[in-house]
Amino acid sequence: MRLRIARSFSLALVAAAVVTLAGCAFFRGDYNGGIESDRIGFIQKGVTTRSEVAAKLGVPDEVTFAGGREIHHYRHYEGKAAMFIPILFNIGRVNVQSDDLYVFYTDGAVVEDVIYGNRTEHMEFRWWPFGE
Amino acid sequence: MEIERSTWSFAGGLSVNRNFRPIILLAAAGLPLLFGCAIQVQRVDSNTIIRPAQADFIVPGRTTMPEVVNRLGAPQKIIGSDDRTVFRYEFFVTKDLYINYGQLIGFIPGLAGFPNFSLESQGSGANVFQVGFDRRWVAQDYAFLRGAEDARFSFWPF
């Protein structure tokens with residue numbers, strides 16, 4: 001009986017030590033400013049011109065010519081990392097997602113189409129590195 | 001349709017690398033938080049993977065660009081020529097497992113200061129989905145590269 005109590009006490013002590021010595025770390029980083037949907041609401045197909053877009057959003061990260069159109073690409077990346085760090089080992093994950101805005105222009109430099117994708121808005125801190 | 005990895009070559013490698021640069025920057029900034037322990041399990045991934053089943057709705061010659069964007073979101077990359085435009089959805093993953101057996105042994109009472117002996121193994125891969133459109137923005141073809149499945153945590157680097 002006394003041995004069982006001593007063993008339970010030792011286990012509890014070890015568990016307490018592991019818990020108190022364990023640590024966590026979080027990191028968040030941004031590349032380029034965010035492209036929030038309310039910042040691009042002014043863009044109207046067939047109306048807004050290339051210079052108006054440039055005046056509000058600035059120079060695009062990339063200019064592509066495809067399908068007979070000039071396409072301006074604005075990018076924003078966000079990275080989130082979370083780590084679980086007990087005394088002996090650490091487990092962590094860094095997740096990077098992008099927001100992408102493409103503005104398609106006609107020959108007359110007027111917006112023909114817009115593609116916008118926001119992946120960072122609901123991105124979570126994830127520390128478990130296994131599985132998906 | 002699934003393309004062999006070799007057929008992709010690195011014809012578009014420059015553009016992939018340019019897209020990859022901010023990912024490397026952000027990952028490199030976050031990873032040092034992990035260093036120092038005897039056992040380290042680390043993973044870096046970027047963007048969201050697109051599975052072949054998610055692209056089943058695309059019918060070459062019929063599905064339009066807005067339909068693709070509505071279902072899959074904005075691509076990470078658009079490349080093309082006068083007659084053809086390609087949307088690329090890119091997912092990268094790196095898995096790294098590091099074990100310092102010497103440091104582990106050093107935790108045993110009386111063996112503190114045991115020399116370092118570490119084994120580390122890293123696997124990286126990319127899954128890319130691309131869909132090509134004609135001038136009328138109708139999908140003509142699509143293809144997958146599935147390299148991310150080969151990225152695994154491994155104990156044995158030899």
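By convention in this document, chain letters (A, B, ...) are assigned in the order of the sequence lines, proteins followed by strands, and residues within each chain are numbered from 1. Just so it is clear, the model here is predicted, and its values are computed rather than measured.
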Count the heavy atoms of every other residue, nucleotide or ligand shown that sit under 6.0 Å from CD of B:Glu149, and state whether that count exceeds 12.
yes
At a heavy-atom separation under 4.5 Å, does B:Pro75 approach chain A through its side chain, its backbone, both, or neither?
both
Approximate separation, where rounding is to 0.5 Å, of A:Trp128 CH2 and B:Arg43 CZ
11.5 Å
Given that the side chain runs from C-beta out, which part of B:Phe153 has a heavy atom under 4.5 Å from chain A: side chain, backbone, both or neither?
side chain
side-chain contact (heavy atoms from CB on, under 4.5 Å) assessment of A:Tyr116 paired with B:Val69
CA-CA 9 Å; A:Tyr116 172 62; B:Val69 172; over 6 Å; no
Just by distance, with hydrogens left out, do A:Asn95 and B:Ser46 show a side-chain donor and acceptor under 3.5 Å apart?
no
So which of A:Leu88, A:Asp113, A:Ile115, A:Thr64 has the largest heavy-atom pair count under 4.5 angstrom toward chain B?
A:Leu88
Considering residues, nucleotides and ligands other than B:Asn70, do more than 12 of their heavy atoms fall under 6.0 Å from its CG?
yes
When hydrophobic residues are tied together by side-chain contacts of less than 4.5 Å, even through go-betweens, does B:Phe107 share a cluster with B:Tyr101?
yes
State the OG-NZ distance between A:Ser98 and B:Lys77, to the nearest 0.5 angstrom.
12.0 Å
Quick one: do A:Val63 and A:Tyr105 end up in the same hydrophobic cluster if we chain Ile, Leu, Val, Met, Phe, Trp and Tyr together by side-chain heavy atoms under 4.5 Å apart?
no
Is there a path from B:Met65 to A:Val114 through hydrophobic residues (I, L, V, M, F, W, Y) whose side chains come within less than 4.5 Å of each other?
no
Supply the atom-to-atom distance B:Trp137 CH2 to A:Arg69 CZ, rounded to the nearest 0.5 angstrom.
5.5 Å
Side-chain touch B:Ile78/A:Phe104, heavy atoms, less than 4.5 angstrom:
yes
On a heavy-atom basis, which atom in B:Asn47 and which in A:Arg119 lie closest, and how many Å separate them?
OD1-CD, 4.4 Å
Which bit of B:Phe133 comes within less than 4.5 Å of chain A, counting heavy atoms only: side chain, backbone, both or neither?
neither
Quick one: do A:Arg93 and B:Val44 satisfy side-chain contact (heavy atoms from CB on, under 4.5 Å)? Show the steps, please.
CA-CA 6 Å; A:Arg93 184 168 180 170; B:Val44 177; over 6 Å; no
Under 4.5 Å from a heavy atom of chain B, the part of A:Phe65 involved:
backbone
Between B:Tyr89 and A:Leu101, is there a shared hydrophobic cluster once you connect ILVMFWY residues whose side-chain heavy atoms come closer than 4.5 Å?
no
Is it the case that one hydrophobic cluster holds both A:Ile71 and B:Leu72, taking links as side-chain heavy atoms less than 4.5 Å apart, direct or via other members?
yes
Which atom names give the shortest non-hydrogen contact between A:Asp100 and B:Ala74, and what distance separates them?
O-CB, 4.0 Å
Looking only at heavy atoms, the pair that brings A:Ala66 and B:Gly80 closest together is CB-CA, 3.9 Å
Inter-residue atom distance A:Met123.CE - B:Thr48.OG1, 0.5 Å rounding
9.5 Å
Measure B:Arg84 against the heavy atoms of chain A and call it side chain, backbone, both or neither at under 4.5 Å.
backbone
Is it the case that atom CZ in A:Phe130 sees more than 12 heavy atoms from other parts of the structure closer than 6.0 Å?
yes
Point-to-point distance, once rounded to the nearest 0.5 Å, from CZ of A:Phe89 to CD1 of B:Ile99:
11.5 Å
